[in-house]
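Encoded as structure tokens, the structure appears first; notes follow it.
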Amino acid sequence: MLQTPRGTADVLPDEQAYWSYVTAHFKSICESYGYGEIRTPVFEDTRLFQRTVGEGTDIVEKEMYTFADRGGDSLTLRPEGTAPVVRAYLEHGMHRLSQPVKLSYIASIFRYDRPQAGRLRQHHQFGVEALGEESAAIDAEIIGLLLHLYRSVGLTEVSLQLNSIGDAACRPQYIEELASYYRSHVKALCDNCQTRLERNPLRLLDCKEDSCQPFIGDAPHTMENLCGDCDAHFGVLKNSLKAMGISYTLNHTLVRGLDYYTRTVFEVWPQTVGRQSALGGGGRYDGLARHIGKRDVPGIGFGTGIERIILNLQRQGVVPNEQQPFSVFVATLGERAATYGTGLVNDLRQRGVRALIAYRPRSLKAQLRQAGNHHADFAVIIGDDELAEGQVLLRNLGASTQENVAESDLMQTLERLRDAGRTG
RNA sequence: GUGGCUGUAGCUCAACAGGUUAGAGCUCUGGACUGUGGCUCCAGCGGUUGGGGGUUCGAGUCCCCUCAGCCACCCCA
């Protein structure tokens, strides 16, 4: 039996309720915050990610789906959402628009990784990016939007982890300080950290090895080594969050796995026991645009995993309150009635009434059972008797009552019942 | 990429220490009720026991390989 490739999943109609539920909330929130939707290609020039995400990162080093197309160009299935959006901003000259340009997206993301619950090789993210504004006020707006999304879908008990990792002015110095601190303890470090020290010292702070924890605790923190501008920026962010009633945990070990981040970085964790798997995360990337074009554009955004949101909703027992649309099942007996029924469901559908029918002769009992399985509100029963009298039998499946309705009144009656159901 | 656990009808699960034809509930279909759903009862459909190989008179059960899912690491969404 052929099956879905490893780390991919089908979304079946039953689960679709969760998808449309969270998507509807995301779209309406983006609407109210003024973020317009953008769609970018699933694949991009490989260099886009090499230059922005960073050559030394896990994503570029071992997780990208990179392939040569038939013309020999190197393309990569997008492993993250931000770089393509910044690319589109530059490519379409959006710097000429009124700033900031605020964009949102719903995108599939591809990373070659070992699958686990909530970790897929193809997953989907909601994301927003605000380009062209460097004030921390918009950092707070973005974080607020993300938390607003979780709250509105019913994901309670999430925790915001916050850090500031400096910028081009202060980070190099900080990293040197961090590295020299660690070099003095190099013999005691785990193997992984010895490598990190050479390749990406910031990630030393992210080590989960017990034996390395004391060093993390005593290591210099980015937050305490910010330059004046970065420190002021971080201060504005914290004040803005406070003004918005948003609480956070300062986490100096939060460094994130993409090279392009500057200043603000954050993740949101679900409040489950055990290991944390971020629901969403993001940060500021003021240096990113320069790697793509010749322009400096400050930016900030987040990505949040749709599958992870749904997984946590299910764990919390949140069921999307999707109301069934009003629907009618047309049950027919006999050939003439069947033909009539075919025309009737067609008319109903043209008028926007959800209408179902059996496609081949079945007993009335079976047809009504089918109507019940589909949660139809009404059944229209048509047999030769009814046809002869120009009437149909309209059965209310919820109340188990039925009455004869003149064929000519049926459409109007059903539309009236549908509209009553909608408002009631 | 590392280590570990688990794979039996569409779903949830049975099957003594290898032993006949791998069972049950739910779902679905049909009937009891020849034109009236949900309840009840009866019946039916549905399996290459994830796949391949091996050991054995005999493998769902033991061994090897492989695939997939899950857990931890790693990483993050």
Side-chain angles (χ1 to χ4, degrees), chain A residues 1-9 12 14 53 57-63 78-82 106-127 146 150 161 190-193 195-196 200 203 206-210 254-258 265-270 274-283 301-312 329 331-334 337 358 360-387 393-402:
Chain A
M1 224 346 236
L2 259 36
Q3 45 195 283
T4 58
R6 186 172 200 201
T8 66
L12 303 178
D14 274 356
V53 175
T57 60
D58 279 3
I59 291 178
V60 169
E61 228 167 48
K62 48 195 187 192
E63 295 178 358
R78 103 186 116 212
E80 64 102 25
T82 300
I106 302 171
S108 39
I109 303 286
F110 304 84
R111 287 184 208 167
Y112 187 88
D113 200 350
R114 189 146 165 186
Q116 233 165 280
R119 190 166 80 181
L120 297 160
R121 289 182 174 181
Q122 180 189 189
H123 77 276
H124 299 79
Q125 288 186 15
F126 297 132
L146 180 59
Y150 298 139
Q161 304 288 311
C190 70
D191 293 350
N192 237 324
C193 282
T195 320
R196 286 182 179 121
N200 195 347
R203 300 216 63 83
D206 213 18
C207 185
K208 310 293 192 298
E209 252 347 288
D210 285 346
L254 184 67
V255 295
R256 313 225 2 112
L258 297 85
V265 293
F266 58 92
E267 284 184 5
V268 180
W269 296 348
R275 289 293 156 186
Q276 301 291 359
S277 239
L279 278 168
F302 69 72
T304 180
I306 301 179
E307 286 88 348
R308 285 191 181 175
I309 293 175
I310 293 174
L311 186 65
N312 280 279
F329 193 96
T332 65
L333 291 155
R360 60 195 158 81
R362 301 180 75 180
S363 67
L364 180 59
K365 179 187 176 67
Q367 293 185 65
L368 288 175
R369 184 169 58 235
Q370 200 175 353
N373 288 345
H374 290 293
H375 306 111
D377 298 285
F378 284 85
V380 176
I381 301 171
I382 309 159
D384 291 340
D385 302 352
E386 284 79 9
L387 278 184
L393 194 51
L394 183 59
R395 180 173 180 81
N396 182 328
L397 292 169
S400 293
T401 58
Q402 57 189 26

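Labels below follow one simple rule: chain letters A, B, ... track the order of the sequence lines, proteins then strands, and each chain is numbered from 1. Predicted model only: the values in this text are computed from it and were never measured.
Look at the C1' atom in both A32(B) and A68(B): the space between them is 44 Å, to the nearest Å. Atom C1' of C63(B) sits at a distance of 38 Å from the matching atom of U27(B), rounded to the whole Å. When the C1' atom is used for both G53(B) and G23(B), the distance is 28 Å, rounded to whole Å. Distance check on atom C1': G46(B) versus G1(B) gives 41 Å, rounded to whole Å. Between G30(B) and A14(B), the distance separating the two C1' atoms is 27 Å to the nearest Å. For G10(B) and G19(B), the P atoms lie 25 Å apart once the distance is rounded to whole Å.
Across C28(B), G1(B), C75(B), the shortest atom-to-atom separation from the side chain of Tyr112(A) is found for G1(B).
Using a 4.0 Å heavy-atom criterion, one finds that Glu63(A) contacts the sugar-phosphate atoms exclusively. Here Gly118(A) lies in heavy-atom contact (under 4.0 Å) with a base. Across all strands, Leu120(A) comes closer than 4.0 Å to base atoms (heavy-atom distances).
Judged as a side-chain hydrogen bond (donor to acceptor under 3.5 Å, both in side chains), the pairs with a partner in residues 363-380 of chain A (not counting sequence neighbours) are, in order, Arg362(A)-Gln370(A).
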Legend entry - Protein-to-nucleotide contact annotation, 5' to 3' order, nucleotides 30-46 of chain B [B base; S sugar-phosphate only; - none; under 4.0 Å, heavy atom]: SSBB-BBBB--------
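Residue side chain Arg119(A) does not reach the base of C71(B) through any donor-acceptor N/O pair under 3.5 Å, judged by distance alone.
Listed by chain and residue number, nothing satisfies the side-chain hydrogen bond (donor to acceptor under 3.5 Å, both in side chains) test with Glu386(A) (two or more places apart in sequence, or in another chain). Scored by the side-chain hydrogen bond (donor to acceptor under 3.5 Å, both in side chains) test, Arg119(A) finds no partners at all (sequence neighbours excluded).
Between A72(B) and Gln116(A), a contact under 4.0 Å exists linking OP1 or OP2 to a side-chain N or O. OP1 or OP2 of A77(B) has at least one side-chain nitrogen or oxygen of Arg256(A) nearer than 4.0 Å.
Annotation for Leu311(A) and Ala117(A): closest pair CD2-C, 4.3 Å, computed over non-hydrogen atoms. The shortest non-hydrogen separation linking Pro270(A) to Asn312(A) is CB-OD1, 3.4 Å. Smallest separation of non-hydrogen atoms from Leu279(A) and Thr304(A): O-OG1, 2.7 Å. Of all heavy-atom pairs between Leu368(A) and Ala379(A), the closest is CD2-CB, 3.8 Å.
Between Ser277(A) and Arg308(A) there is a side-chain heavy-atom pair separated by less than 4.5 Å.
Mapping Pro115(A) and Gly281(A) onto RNA chain B by nearest heavy atom places Pro115(A) at the nucleotide closer to the 5' end. A residue-by-residue look at Ile306(A) and Gly7(A) shows that Gly7(A) has its nearest nucleotide of RNA chain B further toward the 5' end.
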Inset, instruction - Give the dot-bracket string for RNA chain B, reading 5' to 3', where a pair is Watson-Crick or G-U wobble with both distances under 3.5 Å, ( ) marks pairs inside the strand, [ ] marks pairs crossing earlier ones, | marks a partner on another strand, and . marks unpaired. - result: (((((((..((((.....[...)))).(((((.......))))).....(((((..]....))))))))))))....
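Atom-to-atom distance recorded for Phe266(A):CZ and Gln161(A):CD is 12.5 Å, nearest 0.5 angstrom.
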Polar pairs (N or O, both sides) under 3.5 Å between protein and nucleotides 3-9 of chain B?
| from | atom 1 | to | atom 2 | distance (Å) |
| --- | --- | --- | --- | --- |
| G3(B) | O6 | Arg114(A) | NH2 | 2.9 |
| G4(B) | O6 | Arg114(A) | NH2 | 3.4 |

